[in-house]
Amino acid sequence: MLELLKKLCAIDGVSGCEDAVREFIRAQAAPYADSITEDVMGNLLVYRKGARYTGRTLMLAAHMDEVGLIVTSVTDDGFLKFGTSGGIDAKVLLGTRVRIGRVPGVIGIRATHLNTKEEQKKLPPVSAMYIDIGASSKAEAESLVQPGDFAAFAGEPVQYGRMLRAKAIDDRVGCAVLLSLLQEGPPVDTWFAFTVQEEQGLRGAAAAAYRIRPDVAIVVEGTTACDLPDLPPHMQVCVPGRGPVMPVMDGATLYNPALIRRAFEIAEKHGIPYQTKSYIAGGTDAGRITQTAGGAAAIGVAAAVRYIHTPSSAMDVSDLGAMRTLVRALMEEI
């Protein structure tokens, strides 16, 4: 499953342009699926019968998209102006390598030597940045890139110590867990929903939930870890290596209290390490699933990810197997 996750993270799929990720997942899922549907938004909805039918509709969800950039215009000198697709802190962009399809580029800004002392104290806004693709004119740049094209962070996955560093761990980790469970064969009849545009307001999940109309949903995600040495424990949110994260609440969802209590019991029964979040922030596809077509009872299972929404997000590889084990136990017993 780790190799599968690395392959998924290496594919570019900025929110709004998930095509390559979807086709990879479709190829992996097709031999095992009882049905595959791609809806108008681009969600990939895969159904597989399990060992038994429970009389209730179960939906597992993971989003295919990643944060990135979108080209907004081309300057006369051949530089690309851009906006963000998803929540990105401008601090992580300066000097970052990107790729627009097969076209490599780097995000540039005026050299610090040319800034005044006051300018050196301030973070330049995204509007002051540009992507340099090595073009010398607008015509040359537009022969390679057009406004509306998406730019993804560049760089291949790398393991260092117990950690995996890669772009798009949020949420290719969820996609890897869903694919593994689908290929193994679920314990109960299950819809596996690989959703789009989560980073743009949980949009794909609303359409997927309206079509599937689940009774119960398990959202498999990457979530914010901040276990840095200068922070007290209560501000670290969650910690890589301490097991899957099951939040009680985030910025988009109040998770089903009865399901959460049951999930804690199941994890303890099976000896699966788990943790909750010590800070209420962010949001997942559950925020739309729980409110669509009559609503659903939802729970989240996530990997704790350092440096999330950056080119170098990082997770503890031990959490990957624990997530899969926990989600399967939840499927069997909930």
Side-chain angles (χ1 to χ4, degrees), residues 1-9 11 18 21-39 43-64 169 171-195 204-205 208-209 211-222 243-244 246 259 262-263 265-274 284-286 289 296-303 317-334:
M1 193 163 48
L2 179 59
E3 293 308 310
L4 175 63
L5 175 56
K6 290 178 181 178
K7 290 177 182 178
L8 283 163
C9 288
I11 304 169
E18 300 90 349
V21 183
R22 181 173 54 250
E23 293 315 304
F24 176 85
I25 291 174
R26 187 198 304 271
Q28 295 288 316
Y32 307 93
D34 289 297
S35 71
I36 298 181
T37 302
E38 180 184 335
D39 67 16
N43 296 307
L44 193 68
L45 310 177
V46 184
Y47 180 72
R48 185 169 184 186
K49 293 180 179 179
R52 68 183 190 275
Y53 172 63
T54 66
R56 305 173 77 191
T57 301
L58 173 64
M59 172 182 175
L60 268 58
H63 67 89
M64 297 183 287
I169 289 177
D171 182 32
R172 304 293 160 71
V173 62
C175 295
V177 170
L178 263 62
L179 272 174
S180 175
L181 292 166
L182 169 66
Q183 292 171 346
E184 180 188 47
V188 297
D189 297 356
T190 305
W191 281 98
F192 297 83
F194 300 91
T195 63
R211 178 183 288 261
I212 294 172
R213 299 184 179 237
D215 296 300
V216 177
I218 303 173
V219 178
V220 189
E221 258 282 14
M246 291 191 283
L259 274 186
R262 182 74 181 113
E265 292 170 358
I266 291 169
E268 290 164 6
K269 170 185 171 182
H270 291 276
I272 304 168
Y274 70 92
T284 73
D285 278 341
I289 295 169
I299 190 169
V301 175
V317 296
S318 70
D319 288 334
L320 182 60
M323 287 175 68
R324 182 191 177 285
T325 301
L326 177 57
V327 173
R328 184 170 180 89
L330 296 176
M331 294 168 73
E332 289 174 343
E333 300 193 34
I334 287 178

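All of these numbers come straight from a predicted model, not from anything done at the bench.
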Q | Nearest-0.5 Å distance, CG of residue Leu330 to CD1 of residue Ile272 | A | 7.5 Å

**Q.** Closest approach of Pro214 to Ala296 (non-hydrogen atoms, all atoms of both residues)
**A.** O-CB, 3.3 Å

Q | Positive for side chain to side chain contact (heavy atoms under 4.5 Å, CB included) with Phe192, one of Leu45, Leu178, Ile36 | A | Leu178

Q: Identify the two heavy atoms, one from Ala286 and one from Ala298, that lie closest to each other, and give their separation to 0.1 Å.
A: CB-CB, 4.2 Å

Q) Between Glu221 and Gly300, is there a donor-acceptor pair closer than 3.5 Å when you use the side chain of the first and the backbone of the second? A) no

Q | Shortest non-hydrogen contact between Leu326 and Met246, atoms and distance | A | CD2-SD, 3.9 Å

Q) Side chain of Arg172, backbone of Met64: donor and acceptor closer than 3.5 Å? A) yes

**Q.** Glu184 and Tyr32 side chains, donor-acceptor separation under 3.5 Å
**A.** no

Q | CD1 on Ile299 to CD1 on Ile266, rounded to 0.5 Å | A | 8.0 Å

Q: State, to 0.1 Å, how close Ala62 and Gly174 come at their nearest heavy-atom pair, and which atoms those are.
A: CB-C, 3.4 Å

Q.
Checking side chain to side chain contact (heavy atoms under 4.5 Å, CB included) between Leu5 and each of Val173, Val177, Leu179, which is the one that passes?
A. Val173

(Q) Rounded at 0.5 Å granularity, tell me how far OG1 in Thr195 sits from CG in Asn43. (A) 6.0 Å

Q: Mind checking salt bridge (charged side-chain N to carboxylate O under 4.0 Å, His left out) for Arg262 and listing every partner two or more places apart, or none if nothing turns up?
A: Glu265, Glu333

**Q.** Met59 side, atom CE; Asp285 side, atom CG - distance, nearest 0.5 Å
**A.** 7.0 Å

Q) How long is the span from the CG atom in Leu320 to the CG atom in Leu2, to the nearest 0.5 Å? A) 6.5 Å

(Q) Any side-chain to backbone donor/acceptor pair from Asp171 onto His63? Under 3.5 Å, distance only. (A) yes

Q.
Run the ring-ring contact (aromatic ring centres under 6.0 Å, His included) test against Phe24 and tell me which residues pass, sequence neighbours left out.
A. none

Q: Could you tell me the separation between the CG atom of Leu181 and the CZ atom of Arg48, rounded to the nearest 0.5 Å?
A: 11.0 Å

Q) How would you list, by chain and number, every residue that makes a salt bridge (charged side-chain N to carboxylate O under 4.0 Å, His left out) with Arg52, sequence neighbours excluded? A) none

Q: Kindly determine whether Met323 and Val220 satisfy side-chain contact (heavy atoms from CB on, under 4.5 Å), including the steps that lead there.
A: CA-CA 8 Å; Met323 287 175 68; Val220 189; 3.6 Å; yes

Q: Find out whether Ile25 and Leu8 are in side-chain contact, i.e. whether some heavy atom of one side chain is under 4.5 Å from a heavy atom of the other.
A: yes

Q.
Suppose we screen for salt bridge (charged side-chain N to carboxylate O under 4.0 Å, His left out). Which residues come up paired with Arg211, at least two apart in sequence or across chains?
A. none

(Q) Holding to salt bridge (charged side-chain N to carboxylate O under 4.0 Å, His left out), I want the full list of residues that pass it with Glu332, two or more places apart in sequence or in another chain. (A) Arg328

(Q) Measuring only between side-chain heavy atoms, which start at C-beta, is Tyr47 closer than 4.5 Å to Pro186? (A) no

**Q.** Contacts of Asp215 that satisfy side chain to side chain donor-acceptor pair (under 3.5 Å) - sequence neighbours left out
**A.** none

